[in-house]
Amino acid sequence: MYIRTISYLEIQLFWIIQENASMIKHALGRIFTGFNGKTRNALFTGLSYAVYFVLALILENLSPSGPCTPGLGALLIMLWPFVIWLLLIIDIARFFRRKEVGISIMIHILMFLIFLILINKYSLI
């Protein structure tokens with residue numbers, strides 16, 4: 001019964017996102033068109049990290065971690081440094097084509113420093 005509830009919640013969450021995806025995309029497009037290129041890229045980077053952590057929290061509630069097995073949210077947090085480096089490499093490549101991603105590169109570096117501070121503070125490794 002518990003597994004049926006989780007899969008039902010996942011289907012409902014996917015349906016809500018799918019149903020409202022075009023509306024959300026249109027609203028974000030209208031918000032981001034008012035800014036210049038550097039600010040728009042920085043806002044998109046910050047929003048991407050916010051969505052990443054909200055998704056990690058939602059997935060952790062849908063599939064909680066056990067004493068020996070990590071949940072889906074914990075797996076997203078474990079993948080966080082790899083996501084940071086991947087996005088950083090993509091933005092560095094984009095930086096050489098156009099100079100609009102300088103603030104985004106600094107946000108990626110800041111997020112990696114926050115990750116290192118959290119690892120040292122809570123002794124996660």
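Hydrophobic clustering (ILVMFWY, side-chain heavy atoms < 4.5 Å, transitive): L86 and F115 are in distinct clusters. Taking hydrophobic clusters as Ile, Leu, Val, Met, Phe, Trp and Tyr residues chained together by side-chain heavy-atom distances below 4.5 Å, F112 does not share a cluster with I89. Side-chain heavy atoms closer than 4.5 Å link hydrophobic residues (I, L, V, M, F, W, Y) into clusters, and following such links, possibly through other members, connects L79 to L55. No path of Ile, Leu, Val, Met, Phe, Trp and Tyr side chains, each step under 4.5 Å between heavy atoms, connects I90 with V83, placing them in separate hydrophobic clusters. Hydrophobic clustering places I109 together with M111 (ILVMFWY residues linked when any side-chain heavy atoms are closer than 4.5 Å, directly or through intermediates).
Between Y49 and L87, some side-chain heavy-atom pair lies under the 4.5 Å cut-off. Residues L72 and E60 are not in side-chain contact: their nearest non-hydrogen atoms beyond the backbone lie 4.5 Å or more apart.
The two atoms that bring T45 and S104 nearest to each other are OG1-OG, 2.9 Å, heavy atoms only. When every heavy atom of A56 is checked against every heavy atom of I77, the shortest pair comes out as CB-CD1, 4.1 Å. Of all the heavy atoms in A42 and I107, the pair that sits closest is O-CD1, 3.6 Å.
Between the side chain of Y52 and the backbone N or O of L76, at least one donor-acceptor pair lies under 3.5 Å. In this structure, the side chain of S65 does not engage the main chain of P70 through any donor-acceptor pair within 3.5 Å. A donor-acceptor contact shorter than 3.5 Å links the side chain of S48 to the backbone of F44.
Atom CG of D91 and atom CD1 of I103 lie 11.5 Å apart (nearest 0.5 Å).
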Would I105 and I92 satisfy side chain to side chain contact (heavy atoms under 4.5 Å, CB included), going step by step from the backbone distance to the final call? CA-CA 7 Å; I105 291 173; I92 288 174; 4.0 Å; yes
